[in-house]
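Treat the numbers as computed from the prediction; the structure is a model and nothing was measured. Here is how names work: the chains are called A, B, and so on, in the same order as the sequence lines, proteins then strands, and each is numbered from 1.
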Amino acid sequence: MTEPTTAPAVPKARSCPFLPPDDIAGVRSAAPVSRATFTSGDEAWLVTGYEQVRAVLRDPSFSVQVPHALHTQDGVVTQKPGRGSLLWQDEPDHTTDRKLLAKEFTVRRMQALRPNIQRIVDDHLDAIEAQGGPVDLVKTFANPVPSMVISDLFGVPVERRAEFQEIAEAMMRVDQDAAATEAAGMRLGGLLYQLVQERRANPGDDLISALITTEDPDGAVDDMFLMNAAGTLLIAAHDTTACMIGLGAALLLDRPDQLALLREDPELIGNAVEELLRYLTIGQFGGERVATQDVEIGGVRIGKGEQVVAHVLAADFDPAFVDEPERFDITRRPAPHLAFGFGPHQCIGQQLARIELQIVFSTLFRRFPTLRLAKPVEELRFRNDMVFYGVHELPVTW
Amino acid sequence: MKITIDRDRCVGAGQCVRAADEVFDQDDLDGCVVLLVSRPSERLSAEVRDAERFCPSGAIEIHDA
Ligand code: HEM
Ligand code: SF4
């Protein structure tokens, strides 16, 4: 008989804050599908190869309704797969509900938000300029801009926006127990309920009102649906975009040669944002799934009921996907990176996120041509234990 | 090159429109893909191949010949 062996811990330590965990490339090249022990103490499959991660995320044999939350200390799943919540739903309900929401996020609709986003960005940069350096770019810019954009989209009254942001952040922490996450969820629920009631009484041209009045033959769009959808959108849109702004600015400021390329040719912004998304792939722990039947991924048999982590960050550094993955190069031709996931759950807000990031970085570096870090990168604190990776603060001056 | 789409698989991610907006559009009613031309000219073939590669749901199929 062979001794039962414990699978190695999933690599997390980064010696360069802008690169994936040091040991993940070794895990991928040894076996793109392997066993690992996760934060919760559970063993599960760790998928790190680009093609294998895509295969998991698009395969309907995998469900998002996992029994254990592998990336938390206590492993307790706090999310419930209610109608409209998307992230926690499987087909066929996921498909139906996603279509109800997707029409509000088409490329065309998102393009129409450009002037509004530009105004929000300009207003924040005006305030920063008036205040004078050094400032914390996370607090003054990266956090409030996405918060304002999504609040506008939802029609959240100005006086309740700070509270929305605070709760959304509390929901995403992993350094707390399930009870604390649940408490934040309750507060969020209360706020969203209020918002839905207000929009029912007094519809506007916002997203919630559009959903309330949407054509819905099955009658799925009730209060619960609206709160679930709004809750998912808020959580999924705030922290993610804020992290990309803070971390992306830090990386660009750390790479003056790349920033110079962007300044010489502002048309590069589209490519630059795609490379930032790939290089930073902020969903640092990857997507969790569970097999609903026996399935084969990259020649490895995964049994029914077994959990899988699709490590999108490792996949986006697979040399089978991009040449010299560790070279940050904003002139690369965009390729289908996995920063927004893949398959039926691929980010519904990605076109909005792209537009926001394009406007943010073009405007920031145009308005402040001498912008620089006010603290060396080595002294910055990174979000090593949060679902979405980023910087806690980014002191800059000009 | 001939293109077919499967609207049931489409998840309205809009990657196809970003890659090839002369060939694909999104329906205002459900965000799903609409094919503007099923036999695009040679000029657009690289864009169409990108759309297929970027599509997260396998809703776009290209038939050569
Ligand atoms: C740079 C910013 C963003 C990043 C990196 C990001 C990343 C992701 C990822 C990786 C997923 C897939 C999760 C999975 O497969 O389990 C996802 C899903 C989702 N995202 Fe984003 N996101 C961003 C911005 C946004 C924005 C701005 C919105 C909304 C306005 C949004 C709304 C959503 C929603 C609703 C889902 C769930 C879709 C589904 O399950 O069908 N995201 N996002
Ligand atoms: S890229 Fe694919 S999933 Fe997205 S809208 Fe086009 S066909 Fe649909």
To check you understand the geometry: which heavy-atom pair defines the closest contact between Phe342(A) and Phe54(B), and what is its length? CE1-O, 4.2 Å

Interface check, chain B: of Thr214(A), Leu338(A), Val107(A), Leu101(A), most non-hydrogen pairs under 4.5 Å belong to Val107(A)

Check Gly31(B) against Thr106(A) and note the closest heavy-atom contact, atom names and distance. CA-CG2, 3.8 Å

Test item: Arg108(A) and Asp25(B) side chains (from C-beta on) under 4.5 Å apart, heavy atoms: yes

With rounding to the nearest 0.5 angstrom, report the NZ to CZ distance, Lys99(A) to Arg7(B). 6.5 Å

Using every non-hydrogen atom in the two residues, find where Val11(B) and Gly343(A) come nearest and quote the distance to one decimal. CG2-O, 4.2 Å

To the nearest 0.5 angstrom, please state how far the CG atom of Asp28(B) sits from the CD atom of Glu104(A). 9.5 Å

In short, Ala13(B) meets Gln350(A) closest at the heavy-atom pair CB-NE2, 3.7 Å

Using a 4.5 Å cut-off on heavy atoms from C-beta on, say whether the side chain of Gln26(B) contacts that of Arg109(A). no

Note: Arg53(B) and Arg54(A) closest approach over all heavy atoms is O-NH2, 3.4 Å

Lys103(A) side chain to Gly12(B) backbone, donor-acceptor under 3.5 Å: no

